Structures are given as structure tokens and as C-alpha cells.
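What you see is a predicted model; the values in this text were computed from it and never measured. Read the numbers this way: they start at 1 and go in the same order the structure lists the ligands and their atoms.
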Amino acid sequence: MKILVVEDEVRLAEALQQILVKNRHAADLEHNGVSGLDQALTGLYDVIILDIMLPKMNGIEVLRQLRKAGIATPVLLLTARDEASDKVSGLDSGADDYLTKPFNTEELLARVRALGRRRGAPIADDQLKFGDTTLDLSTYELACHDKSVRLGMKEFQIMEIFMANGSRIAGKEDLLSKVWGYDSEAEYNNLEVYVSFLRKKLAHIHSPVVIRTVRGVGYALSQEESGT
Ligand code: CA
């Protein structure tokens, strides 16, 4: 998806951009309300992440002007604190969702995906594919032809990394730090358990994709030839 981030804290804006790009979105940045509104008015975006406290024009006013101009792009408002009054005036002005700072990355991505769905963003943007098998990033469904199965949160996070790497090796340290936040022997055993769940689910949907163990290193996907 194409996302506009309007946030005057440059470091936070850049961190958001990095997170979004890493998750296969395109992200443009604006650092004040006036330039943010100008960009938003182009109507080029699938989702707008809009800070409330902005120089030149505050986020609520940006939103008001945007809706007045007939631009219906879903807007996720960022609030500094959990301020009820901000939320109420934001909702009145046509915000679609809120996130209170500080927020966690997964939460942000989940909200952005949900807003993108509302807009009806192309499905291709919301899926990872390896061979005949797809992983839906918003419903957590793993599917192959007409069969599908829903993944749990951890299974999904692991499968998302596998699919993004495809036939390249996903290192176990990398998996542990991305999914659990740190690596330890205990978590490595957990990882193996989740990988075995994923293998069962792949078999369940008759996917020809297999998760190969690269001993001591990590895992990689490969697709078996059909009919063998
Ligand atoms: Ca701000």
C-alpha cells in the first residue's frame, strides 16, 4: 500500500517509514500540517497516518479540510496521550482509527492493514506468495488452491518471515529475535514446535511447499514437484 505519514518528530517519522517499507508498503513523509494536507489532497494514498500535534496546522484541522475536499482516504490519528477530547473531535472530523503514542509496531501495522482493507486496497498487496501457496497478511490465512487454514499469531509471524525469504534461508537467530524479541535455547525449542505446527498446516491444505531445516542455521522453503 501507499501510505502518507504526517509527523513532525522527524525521528519518529523516519522510524515509521522504515517499519512500513520493511513491510512492503511505500511511505512518504511530511513534517507539518500544511504540506501534509497538500500531499493528502492528491488522493494518491491508501492510508494516511496523521499526528494531531503538528506545526502550521494541527492534525484535526488537516483532517477536516481533507474530508471537506471529499477525500475519503482512511486516516489513522496519532495522539500523544490517551486524551478523550482529542479522540472525540478526531472522530467528529472523520478519523477512522486512533493510536496512542507510544505504540508497538505490530499494533501499528495491524491498524494500517485494517484501514487498507476498508479502502479495498488490491489483494496482491496484502498477500505473500510462494509457489502455489499464499499467506494473507490481514486474515492470517494460509491457502493453497481451494484449501485454507488460519494461523495463530506466532505461526503467522514465523510463516511471514519464511514467505518473505522464500527459498533463501531464514536464520534461526533472526527468527527468534523478530518473533520473540531475543534468542535463547528455550525459545529455540519453541520455534521448532511452531515450525512443526506449520508443517502440519501446510500438509493439511495439501500445499506442495515444505519447510526445510538447514541444520544449525535455520529454515528455508522449497516447493515439491507436483504429482510426485
Ligand atoms: Ca507532533
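Residue E7 forms a side-chain hydrogen bond (donor to acceptor under 3.5 Å, both in side chains) with just one option from Q17, H31, K101, and that option is K101.
Under 3.0 Å from the Ca ion (ligand 1), one finds the following protein N/O/S atoms: D8 OD1, D51 OD2, M53 O.
Donor-acceptor pairing under 3.5 Å is lacking for the side chains of N165 and Y219. In this model, a donor atom of one side chain and an acceptor atom of the other lie less than 3.5 Å apart for Q39 and Y45. If you check the side chains of E14 and Q18, you find no donor sitting under 3.5 Å from an acceptor.
For residues 204-216, the set of pairs meeting the side chain to side chain donor-acceptor pair (under 3.5 Å) definition, not counting sequence neighbours, comprises T133-S207, R199-T213.
From I48, atom CD1 reaches atom OG1 of T73 across 4.5 Å, with rounding to the nearest 0.5 Å.
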